[in-house]
Undergrad: 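Sharing a structure with you now.
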2 protein chains.
Amino acid sequence: MPELSPRSAKPRVLIVEDEAPLSTMLRYNLEKQGFRVEEAADGQEALLRINEAVPDIVLLDWMLPNLSGIEVCRQIRRGSATRDLPVIMVTARTDEQDAVRGLNTGADDYITKPFNIEALLARMRALLRRAGGSASKGRREFHDVVMDLATHRVYRNGRGVHLGPTEFRLLDFLLQHPRRVFSREELLDAVWGTDIHVEPRTVDVHIRRLRKAINEAGEIDLVRTVRAAGYALDTESH
Amino acid sequence: MPELSPRSAKPRVLIVEDEAPLSTMLRYNLEKQGFRVEEAADGQEALLRINEAVPDIVLLDWMLPNLSGIEVCRQIRRGSATRDLPVIMVTARTDEQDAVRGLNTGADDYITKPFNIEALLARMRALLRRAGGSASKGRREFHDVVMDLATHRVYRNGRGVHLGPTEFRLLDFLLQHPRRVFSREELLDAVWGTDIHVEPRTVDVHIRRLRKAINEAGEIDLVRTVRAAGYALDTESH
DNA sequence: ATTGATGTCACAAAACCTTCATAAAACGGC
DNA sequence: GCCGTTTTATGAAGGTTTTGTGACATCAAT
């Protein structure tokens, strides 16, 4: 089974729309799709809500009372906390120009009314996927182990190391909290997920495979076993 | 294995370093990675060599005889032909301040001794990618694959290969982000578009067609499968 | 009508997980 | 140290998931 969001359960979407019927329709559909929905009826309210708590994505109507969608978008791009916030512009005009201008003001995507709810969902998912990916992507290191998230590669002391998906996630997690000890249960929650059922001892097996993969003859064992407590990434075994 | 210079096959790197052992070690590793290596033992020699022939990237030690690394960097930034030349500063001091000062003098990145060779390589690649991206247009390359956007043609190792429209766009996208792993969903978003509905497994089929087209007997497979993650353009499959 | 391209499916082939049984190691009390 | 107990390491087996592949129906352009 593929997993979706390693971060939070429900993505939060802010709908900025002054036409109540449309807004209601959207809320209904988005909630059915597992979004947590918030609403704002004009530009000012939108910025207020965003500053209170940054949502995962914003649906922004083009024409708004008080502050136009374009202006709201500009403001969003200005703030450092909201610079990468995905914004989808919703516009009634079909003119290409408008759409382009929307993009130039910083919207990540746009859609014209009337729109297909499926199309909207597809774009939202795409943006969320992109944003989520780029945020956590980078590189992790510990001692002489390097993990490159973007290329999905792991190196020990320069030499490339092959890991299975689970070992990869396991190491990924451990690399995020070096030296800290985690119980088998904690590891299961973090690496496998909370709602699956797997024997705690299964962790042992994956730890072993991880060890086998990253430790070569002459190298120190980077995985520390802490009896009656769990495992940790560490340079000193005992 | 890795390389990416859009200009020539082998990117040329100039190592400016007065400690011979380090310099030798770097030469060995970088040549193994497909770089053409040149060396300079002090700041003056560095500038001389750069003026002779501008390399693709410079590894610049902080502490140097004759002319400090900072000064060399300043000079590099001064010249019109070398203004955009990527420079990585190598320093023994860990102080953040030094690093920052290094960046202020115009270095594009820095790394502190002792450093992991993989980390260095990653940064070099990133810089080369950035530099290359802005300069070249209309043509993409990776390993021995060349794509000419203008003529819509693709070559592997000189020989022309035929791709269907979808395979072409797929390869085009992958070429824009070499080595990076993309999930089936991401590929669908980027290559097919967000609105359409296509089974994720369809990506497999097109990956296969792409493989069949660009890989000939005796040639390495340039498409890497990353189980449970997706696909990437890479020179090492495993 | 013929060709070429595309999206799906079903089945084969790998790669991978989980579990279990057994060996090995660590610990506690004496 | 010695012994019994608890905890971890390890190897193998069997089942599951993921990917590779060939075939096919559809559709558009020629």
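Nothing here was measured: the structure is a model prediction, and the numbers come from that model. Proteins get letters first, then strands, A, B, ... in listed order; numbering begins at 1 in each.
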Undergrad: Please give, in whole Å, the distance from C/dT6 C1' to B/L210 CG?
TA: 15 Å
Undergrad: Starting at atom CD of A/E199, determine the distance to atom C1' of C/dA21, rounded to an integer number of angstrom.
TA: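 Nearest whole value for this atom pair: 14 Å.
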Undergrad: What integer distance in Å separates B/R169:CZ from C/dT6:C1'?
TA: 11 Å
Undergrad: Check each of A/I76, A/V13, A/L59, A/I57 against A/P86 using the side-chain contact (heavy atoms from CB on, under 4.5 Å) test, and report the only one that passes.
TA: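 Testing each of A/I76, A/V13, A/L59, A/I57 against A/P86, the sole residue satisfying side-chain contact (heavy atoms from CB on, under 4.5 Å) is A/I57.
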Undergrad: Check this for me: does any side-chain nitrogen of one of B/R156 and B/E216 sit under 4.0 Å from a carboxylate oxygen of the other?
TA: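 Result for this pair is no, no salt bridge flagged.
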Undergrad: Is it true that atom CZ of A/R36 has more than 12 heavy atoms of other residues, nucleotides or ligands lying nearer than 6.0 Å?
TA: no
Undergrad: Without decimals, in angstroms, what is the distance between B/R201 CZ and C/dA10 C1'?
TA: 11 Å
Undergrad: Can a side chain N or O of A/R211 be found less than 4.0 Å away from OP1 or OP2 on D/dA9?
TA: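 For D/dA9, OP1 or OP2 has a side-chain N or O of A/R211 closer than 4.0 Å.
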Undergrad: For the pair A/D204 and A/R184, find out whether any cationic side-chain nitrogen is under 4.0 Å from an anionic carboxylate oxygen.
TA: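 Between A/R184 and A/D204 there is a salt bridge, with a charged N closer than 4.0 Å to a carboxylate O.
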Undergrad: Assign each of B/G230 and A/I207 to its nearest nucleotide of DNA chain D by heavy atoms, then name whichever residue's nucleotide is nearer the 5' end.
TA: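 Upstream on the strand: A/I207.
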Undergrad: Look at A/R12 together with A/E38 and state whether they make a salt bridge at an N to O cut-off of under 4.0 Å.
TA: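 A/E38 and A/R12: salt-bridged.
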Undergrad: Could you state the CG-P distance from B/L163 to C/dG4, rounded to the nearest angstrom?
TA: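 So the two atoms are 15 Å apart, to the nearest Å.
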Undergrad: Specify the angle, to 10°, made by the local axes at the two ends of the helix from C/dA1-D/dT30 to C/dC30-D/dG1 when five pairs are taken at each end.
TA: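 Inter-axis angle at the ends, rounded: 40°.
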Undergrad: Go through the steps for A/V181 and A/R224 under the test side-chain contact (heavy atoms from CB on, under 4.5 Å), then give the verdict.
TA: CA-CA 8 Å; A/V181 179; A/R224 176 159 82 111; 4.0 Å; yes
Undergrad: For a quick check, tell me whether the side chain of B/R227 and the base of D/dT18 share a donor-acceptor pair closer than 3.5 Å.
TA: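 Between D/dT18 and B/R227, which were checked side chain against base, a qualifying N/O pair under 3.5 Å is present.
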Undergrad: In this structure, how many angstroms lie between the P atom of D/dT19 and the OH atom of B/Y231, rounded?
TA: 6 Å
Undergrad: For B/D204 and D/dG22, give me the distance from atom CG to atom P, rounded to whole Å.
TA: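 Roughly 14 Å, once rounded to whole Å.
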Undergrad: So, is B/T225 close to the D/dT19 phosphate, meaning a side-chain N or O under 4.0 Å from OP1 or OP2?
TA: no
Undergrad: State which residue, out of A/L210, A/V226, A/L170, A/T225, fulfils the side-chain contact (heavy atoms from CB on, under 4.5 Å) condition with A/Y231.
TA: A/T225
Undergrad: Which whole-number value in Å describes the distance from B/H162 NE2 to C/dG4 P?
TA: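 So the two atoms are 8 Å apart, to the nearest Å.
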Undergrad: For the residue pair B/H206 and B/W192, categorise the inter-ring angle as parallel (less than 30°), tilted (30 to 60°) or perpendicular (more than 60°).
TA: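 Perpendicular.
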Undergrad: Please determine if a side-chain N or O atom of A/T166 lies less than 4.0 Å away from the OP1 or OP2 oxygen of C/dC17.
TA: yes
Undergrad: Between B/R139 and B/D148, does at least one N-O distance fall below 4.0 Å, as a salt bridge requires?
TA: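 Salt bridge: no.
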Undergrad: Return whichever of A/R208 or B/V226 has its heavy-atom-nearest nucleotide of DNA chain D closer to the 5' end.
TA: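 Taking each residue's closest nucleotide, the earlier one in sequence belongs to A/R208.
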Undergrad: Near DNA chain C, counting only heavy atoms under 4.0 Å, which residues of residues 175-198 of chain A show up?
TA: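 Listed by number, they are A/W192, A/V198.
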Undergrad: Start at the 5' end of DNA chain C and walk down; is the nucleotide closest to B/G164 or to A/R209 reached first?
TA: B/G164
Undergrad: Ring-plane angle category for A/H177 and A/F182, please: parallel below 30°, perpendicular beyond 60°, tilted otherwise.
TA: perpendicular
